[in-house]
Amino acid sequence: MYPLPTRQVHLDFHTSPLVKDVGASFSKAQFQAMLTKGRVSSVTVFAKCHHGMCYYPTDIGIRHPGLSFDLLGSQMEAAHEIGVRAPVYVTAGWSAADAESHLEWQVRDFLWRCVPSWYDAGADPSAPIPQNAWRYLCLNDGSYARHVYSIIREVCGRYERVDGLFVDIALLEGTCYCAECRAGMEAMGLDPNRRADARAYYVGRRRDFMGKVRAILHGRHPEATLFFNSGGADIYMPEFHGGSTHFEIEDLPTSWGGYDKMPLNARYFSRTGKSYLGMTGKFHTSWGEFGGYKSAEALRYEAAAMLSYGAGCSIGDHLHPDGLMDEATYDAIGHAYGYAEALGDYAFGNSPTSKLGICLSGDAESDQGLASMLLETQNDFGVVIGCDFGPYTTVILPDCASLSAEAEEKLKAFLAGGGKALLTGTSLLREGRFALDVGAEWAGPPKTDMDYVEVGDALAEGMVRAPVLCYLPAERVTATDGDVMAHTLEPYFPRTYGAYFGHRNAPYDRAAPRGAAAVRKGGVIYLSHPVCRMYRRYASPQHRAMLINALNLLQGDKVLWASLPTAGRATLSEQPDRRRYCLNLLYGPPVKRGCVELLEDFPTIYGVPVRIRTDKDIRRVWEPIGGAEIPFAQDKEGGTVSLTVPSLKSHALVVLDY
């Protein structure tokens with residue numbers, strides 16, 4: 001495993017060639033002082049940016065016309081002098097100068113348009129340009145890729161010590177139909193007119209690109225880290241995960257998917273055997289925002305959240321063109337990283353304890369909707385990788401999950417051995433038949449745009465005892481020998497111009513035949529609505545309660561119970577070599593304001609009850625931050641430990657020694 005510092009700053013430096021006197025205010029002492037103030041252990045510095053400018057003396061690329069010295073080398077030297085790593089950033093898929101001077105290097109879509117197709121290369125120079133308006137360049141191991149190899153080879157050869165490479169915009173497009181790619185596909189016997197062939201070519205050539213970059217780097221610097229961003233840490237692109245030495249999970253929760261995105265990703269990458277970082281930003285909105293500041297308390301919360309899920313921390317910043325580091329930024333980062341430093345011994349090398357696993361569906365809405373429901377109810381979870389159901393006793397297959405033939409057989413063996421499964425929507429439905437015996441048969445797709453669900457006693461906790469509107473309709477299923485625990489009710493008619501009812505949707509038709517909305521057979525429960533995707537879009541507590549109630553019927557050996565509000569998060573991990581459990585509790589209610597999801601208020605919660613299932617003989621419960629002892633009671637016959645965390649403000653770490 002490659003060494004990976006856990007308090008990193010990603011120091012963007014995308015600097016327009018129109019700017020003069022670049023780096024004129026750079027000071028080694030000031031750079032070092034800010035890194036020290038921020039308690040930073042690694043800072044990613046720029047060799048080449050999205051403008052296509054290089055920040056070192058180059059014979060291959062274009063040195064920024066406003067730069068008169070080796071800024072990259074000076075930053076690396078300054079960082080190394082104070083024991084801070086300095087991996088090097090190289091842009092790959094976006095480079096404005098290269099796109100303008102080499103039209104043949106640009107990615108083309110099937111209609112031969114440049115990607116993105118909305119980029120107006122002929123726009124009036126005075127017209128406003130959208131944010132992130134970069135043209136994509138083809139990295140499928142052709143002529144532009146060879147240019148990138150030359151840049152990387154030059155950087156690796158110029159400096160005696162290169163700690164790592166961060167290769168950006170590496171895996172975004174998915175296909176390319178430029179002249180080189182079309183010729184390459186035809187030479188390999190692939191048909192450029194078939195998207196599947198174009199995708200296969202892309203995957204193969206992009207893997208070649210990753211392998212050649214790694215060979216160049218490790219040929220000179222064998223201990224250096226390497227990460228391919230913009231796809232390299234995508235949970236739905238495992239075909240590229242082998243190319244990086246570690247993962248940096250890029251997420252700006254204020255504007256890029258919210259605070260529930262990182263936990264799902266972290267749970268996935270925790271099972272890969274490689275180190276991983278959570279990656280946020282100091283920005284109020286998005287990357288490259290000058291003058292936008294997230295609060296120090298929000299950064300502290302985010303750092304604690306990353307560590308709770310076993311991830312190191314990376315916070316994005318953008319250096320001013322003059323090279324002077326922003327003191328306000330490093331005050332805030334230092335506040336967060338001072339806390340992260342104190343938590344470090346309890347965050348890494350830990351084993352998750354949850355017995356609940358998610359099988360990813362491949363649909364981000366469904367997977368994230370499920371993760372949010374579990375997080376909001378403090379149900380800790382892991383992610384099933386491949387066919388490995390071993391760590392879990394209960395698994396959930398959300399909405400449209402499918403498995404390979406091998407994984408289906410492993411799942412059946414898992415169930416035969418006492419495992420439990422919860423399925424929703426069309427999961428494991430193939431050619432009109434369920435791969436598992438769910439106690440019901442598929443009768444067809446929905447006929448309405450919305451419908452209703454009415455639950456029985458088994459699923460009623462926390463729900464109204466009346467038909468509940470479902471904004472996405474259920475699959476039509478008929479129970480065979482399963483126990484029906486909820487029914488679907490259809491509206492009088494779908495909403496059309498020819499038949500509509502009031503402002504929105506028609507009420508349920510009491511006289512219409514009812515379908516099965518929830519069926520249980522043995523250790524399998526099937527919910528016929530796409531409840532996970534529906535929750536992601538509409539967030540009804542009624543739908544969440546239905547799924548969690550079904551889960552609770554299956555989950556007989558839940559490890560962790562924590563009584564927190566829905567914005568609370570709870571995780572439990574174990575450090576067997578240190579004979580202890582680490583309990584992390586978080587509470588930071590994000591609020592949607594304007595275009596961002598904001599963490600601003602961190603009220604204190606008092607007296608948080610916690611119960612943990614364990615067969616270990618617990619001898620001490622305490623809080624490392626402050627050293628306070630916490631009374632506890634152990635029920636050895638029932639196999640549980642009960643305690644009450646006295647107070648929680650933003651984050652609390654509790655250690656249970658055994």
Side-chain angles (χ1 to χ4, degrees), residues 90-94 107 109 115-116 132 134 136-141 145 148 165-177 181 185 190 195-214 225-252 256-257 260-279 309 311 314 357-371 382-388 397-404 407 536:
V90 175
T91 191
W94 292 347
V107 170
D109 67 12
V115 176
N132 292 319
W134 308 100
Y136 286 40
L137 298 171
C138 180
L139 293 169
N140 285 348
D141 202 30
V148 175
L165 280 180
F166 185 102
V167 182
D168 202 8
I169 317 300
L171 301 158
L172 277 183
E173 318 89 75
T175 57
C176 178
Y177 298 89
C181 285
M185 284 184 249
L190 300 172
R195 180 173 173 80
D197 282 10
R199 175 63 182 168
Y201 181 79
Y202 173 92
V203 170
R205 300 304 276 176
R206 208 51 65 100
R207 282 174 167 171
D208 290 343
F209 170 78
M210 297 168 81
K212 289 179 180 178
V213 168
R214 189 163 184 164
T225 57
L226 173 62
F227 178 63
F228 294 91
N229 195 42
S230 304
D234 188 324
I235 60 177
Y236 303 116
M237 295 167 65
E239 62 270 26
F240 298 121
H241 291 170
S244 299
T245 60
H246 67 284
F247 301 103
E248 302 193 25
I249 308 169
E250 184 179 15
D251 180 27
L252 299 178
W256 281 19
D260 287 350
K261 184 178 177 183
M262 187 278 298
L264 176 62
N265 284 272
R267 281 298 185 234
Y268 178 96
F269 287 109
S270 70
R271 307 244 3 250
T272 63
K274 295 182 180 180
S275 299
Y276 53 102
L277 295 171
M279 192 177 190
Y309 290 94
S314 178
I358 293 176
C359 294
L360 295 177
S361 69
D363 177 72
E365 268 195 313
S366 296
D367 295 334
Q368 193 60 66
L370 173 58
V383 175
V384 176
I385 302 292
C387 304
D388 185 12
L397 295 96
D399 291 355
C400 55
S402 62
L403 299 176
S404 66
R536 179 65 173 170

Listed partners of [X] passing side-chain contact (heavy atoms from CB on, under 4.5 Å), at least two apart:
X      : result
Arg195 : Thr175, Tyr177
Asp109 : Leu111, Arg113, Val115, Ser117
Ala364 : Tyr236
Ser244 : Phe227, Phe228

Is the shortest heavy-atom distance from the side chain of [X] to the side chain of [Y] under 4.5 Å?
X      : Y      : value
Arg267 : Ile358 : no
Asn265 : Asp251 : no
Leu360 : Leu264 : yes
Leu397 : Leu403 : yes
Leu171 : Met210 : yes
Asp399 : Ser361 : no
His246 : Glu248 : yes

What closest approach, in Å, do [X] and [Y] show between heavy atoms, and which atom pair accounts for it?
X      : Y      : result
Ile169 : Ser230 : CD1-OG, 3.3 Å
Leu137 : Glu173 : O-OE1, 4.2 Å
Cys400 : Asp363 : SG-CB, 3.6 Å
Leu277 : Ala311 : C-CB, 4.1 Å
Gln368 : Lys261 : OE1-CA, 3.4 Å
Pro398 : Cys359 : CD-O, 3.1 Å

Contacts of type ring-ring contact (aromatic ring centres under 6.0 Å, His included), residue [X], not counting sequence neighbours:
X      : answer
Phe209 : Tyr149
Phe247 : His241, Phe269
Tyr202 : none

Results of side chain to side chain donor-acceptor pair (under 3.5 Å) for [X] - residues two or more places apart only:
X      : answer
Asn132 : none
Arg214 : none
Ser270 : none
Thr91  : His50

Spacing of [atom1] belonging to [X] relative to [atom2] belonging to [Y], to within rounding of 0.5 Å:
X      : Y      : atom1 : atom2 : answer
Asn229 : Asp168 : CG    : CG    : 4.5 Å
Arg199 : Leu190 : CZ    : CG    : 13.5 Å
Cys138 : Arg205 : SG    : CZ    : 9.5 Å
Arg536 : Asp260 : CZ    : CG    : 7.5 Å

For this session: Step by step, work out the side chain to side chain contact (heavy atoms under 4.5 Å, CB included) result for Thr225 and Phe166.
Result: CA-CA 8 Å; Thr225 57; Phe166 185 102; over 6 Å; no

Seminar exercise, completed: Arg207 meets the salt bridge (charged side-chain N to carboxylate O under 4.0 Å, His left out) criterion, sequence neighbours left out, with none

